[in-house]
Amino acid sequence: MSDQINSFDEVFREKLSEHTISPPDFVWDKIESKRSFGHVVANKISINWRTFGTMLLLLLGGGSSAILFGGEEEQRMYFETVSNEDIETIFEDKAQNQDKNNLDINEGIAPYQTAIFNTVILSSKSTPTEQVHPEAHIPDIELMASINQAAFTRPEITIDKKLNILIQYIEGWESAKPITFNHYYTLNKMEKLGLIERSVVVSPIFSDIEYDYAQPVTKKSFWDRTSILLALTPQSITKIMSAEYNLSSSYLQHRKESEQTRMAYTFEAILHYELKNHKFIETGVNFTQIYEEMKFSGEKRFSNQYDFVEIPLLLGYEDRNSKFGYQVKGGFGFQIFNEYDGYIYKKYERKEPVQSSVERHYRIKGNPVKQLITRTHNLSQNQNPDEVLDLSKEEENPFRDNGVVNFHLAAGLTYYYSDKTTFVVTPYYRRNINSITKKSALFNERISYMGISFGTRINF
Amino acid sequence: MNEKQLIQACIDENRSAQRALYERFSAKMYFVCLRYARHELEAQDMLQDGFIKVFDNISKFKSNGSFEGWVRRIIVNTSLNYCRKSSFKNEQIGIEDYQDKVVDSKAVSNLSEQELLKLIQQLPDGYRMVFNLYVIEGYSHKEIGEMLNTTESTSRSQLAKARKWMQKVLTEQKITKNV
């Protein structure tokens, strides 16, 4: 009978193993269209993720540095041009405006807009022209004192140190926004350099502005711009697994069924640095922990713990009114340290579960908090060590211990509690760009995180 | 262009080289897909996905083994995954009545390649995978167990049931004999 079976198999083997049938032509057309330019580029990136990741980080780092240092230099230049004399001249000019009623603004005030740009202009019911003599060359000390007083007794017009914007709105004085002068100054500078023609430059409408009060602004130091963000992000995770060409996907299906995340969170200690125009950069350390429950040999057991340490580099935009604001940020992070404890299924055959009268071990038993923070991830007596990979052993662990690049994206709300403290609530999305598995592993695995970050930002 | 040059040109995303490589292996691989698929359309999808994987991963091919074997393995794995995704079931068919009957291999050898293929395509998914892997591809039951994430003994019993299932079909076509 065995011979008959062998010859039966032999017939199939002989006739079918080398037989060929040409596929229809459209199959190649489909292959060609599916392997489009985008597909090929994405494939190249996934193969050479190291090179692309490094280039992207360098680009991001370089861009941030350029904004950071370039911005400071520009600002310094503005401040160097501000002097008491400039401020005084504004008032003098205002007085002349009052007298003449019809001054050629383009010719008369253009040289002073630098001073105006760096000056907080506040409204008041009083008329400064009554206090300033048209021919005065020394700033009026009383006037300056009243300016200071006015500036700090107007709660609805706050000086926003954090966002580098002095006044957002001045009632009835749209043209007095600092940004107007900023643009005019830039245009004027370009005109001087011969980059644009004079006719293009449109000056602010100075005749509509009453320079009631003014206060020079001091430059923000590095520490004024820097704050530290401490945040905790509880999150749900999704594992995206795919088999290499030489692994059947049933293994992954099996893993998917056997692993269940019980808890995942990220703790962040981040340095936040303000740039110009509401932009900011953030970098620091993220510590992520994932606890998952694994079920095999018919038992549930709380056995896996993943720890990741990551250095993020994020670029963002933030704006706010007096108290509430919003922020959007995105960027990349490098996982520099990964540690794994626990077990995952082996690719190999699964033995039938051992039937035992021993009580099954479940995770939530006794003190759940103690169970959550335990670092022991041992197998029970009923569980067979041959059917799992021990993640704490380097030779068995299929995951990388570093070198994973993450993409970050977050958008949320801020609450400006005080000059020193801001609360931040941010829905946060993070995802591995490259696989967390080693090159030798038979499968790829990426983790995506979705959570809400609760943080406090403290100014130095 | 020899095989090594062809592979290198494919790594460089040279379309004409990819076409040449496809022309070289597609007929053989299409027949592999046909053996795992239930019908031609399914086999065409398997072939398409398999070759996309080949081109995507060709840079990972290590030239110490047979390239055709490497391509074949990808095609087989793609076909297995495809079967499993669509409708993998461990079907239990009423085959117990045919345990004492054995198919005459001479009668089977009279069947053409197309008829044998049709016979395989009619097998339930689980049987078809094990039969193909063991009888035609030459994998051992242990290897099949690993590939399908099942046990060695399950693979054996699936193969036995596949043979019996074929025997039942062939009996209905009057080509079996009693022993």
Side-chain angles (χ1 to χ4, degrees), chain A residues 1-37 39-44 46-48 242-255 345-352 439 442, chain B residues 13 15 18-19 22-23 26-31 33-35 40 43-44 47-48 51-57 59-60 70 73-74 77-78 80-81 84-85 88 102-106 108-109 111-113 116-117 120 131 134-138 142 145-152 163 166 179:
Chain A
M1 188 164 157
S2 172
D3 289 344
Q4 281 178 313
I5 287 173
N6 285 340
S7 56
F8 176 81
D9 289 356
E10 196 60 38
V11 173
F12 278 91
R13 197 173 299 126
E14 274 180 9
K15 288 203 169 189
L16 300 183
S17 62
E18 294 301 316
H19 191 67
T20 59
I21 293 180
S22 293
D25 289 341
F26 65 81
V27 176
W28 170 251
D29 296 337
K30 276 186 175 178
I31 292 169
E32 209 171 20
S33 66
K34 279 215 170 183
R35 293 194 85 255
S36 59
F37 177 75
H39 176 98
V40 172
V41 169
N43 187 43
K44 290 250 175 201
S46 72
I47 290 169
N48 304 304
S242 61
E244 277 286 355
Y245 59 86
N246 50 356
L247 177 71
S248 148
S249 64
S250 67
Y251 166 73
L252 301 178
Q253 183 63 29
H254 209 70
R255 271 197 57 203
Y345 262 116
K346 250 184 197 172
K347 168 183 172 244
Y348 308 110
E349 66 211 65
R350 186 159 55 92
K351 293 186 173 59
E352 294 304 315
K439 212 170 182 181
L442 296 173
Chain B
E13 292 293 341
R15 275 289 152 104
Q18 288 173 342
R19 179 70 198 244
Y22 175 80
E23 296 289 352
S26 63
K28 207 175 255 185
M29 297 307 151
Y30 183 50
F31 191 73
C33 295
L34 281 169
R35 282 195 281 107
E40 285 186 12
Q44 286 157 15
L47 185 73
Q48 176 193 315
F51 266 97
I52 287 172
K53 280 187 188 173
V54 167
F55 292 133
D56 283 353
N57 293 286
S59 59
K60 295 177 187 172
W70 184 80
R73 177 135 191 160
I74 291 179
N77 270 307
T78 307
L80 291 177
N81 289 338
R84 203 173 294 110
K85 258 190 274 178
F88 173 75
V102 174
V103 181
D104 180 5
S105 60
K106 282 179 186 169
V108 178
S109 64
L111 295 174
S112 68
E113 284 87 353
L116 289 176
L117 177 64
I120 290 175
F131 186 83
Y134 184 85
V135 175
I136 301 169
E137 310 290 350
K142 191 179 178 192
E146 287 173 18
M147 289 171 88
L148 301 180
N149 198 39
T150 183
T151 60
E152 200 175 323
R163 287 199 189 103
M166 283 182 166
V179 276

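Letters A, B, ... are given to chains in the order of the sequence lines, protein chains preceding strands, and every chain is numbered from 1.
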- Message: Please rank A/His19, A/Glu10, A/Glu32, A/Lys15 by heavy-atom pairs under 4.5 Å with chain B and give me the top one.
- Response: A/His19
- Message: Over 60° means perpendicular and under 30° means parallel, so tell me whether B/Phe51 and B/Tyr22 are parallel, tilted or perpendicular.
- Response: perpendicular
- Message: Quick check on B/Glu40: does its CD atom have over 12 non-hydrogen neighbours (other residues, nucleotides or ligands) under 6.0 Å away?
- Response: no
- Check whether B/Leu116 gets within reach of chain A through its side chain, its backbone, both or neither, counting any heavy atom under 4.5 Å. both
- Starting at CD of B/Gln48, measure out to CZ of A/Arg35 and round the result to the nearest 0.5 Å. 12.0 Å
- Message: Is B/Arg35 close to chain A through its backbone or its side chain, or both, or neither, when contacts mean heavy atoms under 4.5 Å?
- Response: side chain
- Message: The criterion is side-chain hydrogen bond (donor to acceptor under 3.5 Å, both in side chains); which residues satisfy it with B/Ser112, sequence neighbours excluded?
- Response: B/Glu115
- Message: Given heavy-atom pairs under 4.5 angstrom as the criterion, report whether the side chain, backbone, both or neither of B/Phe131 touches chain A.
- Response: side chain
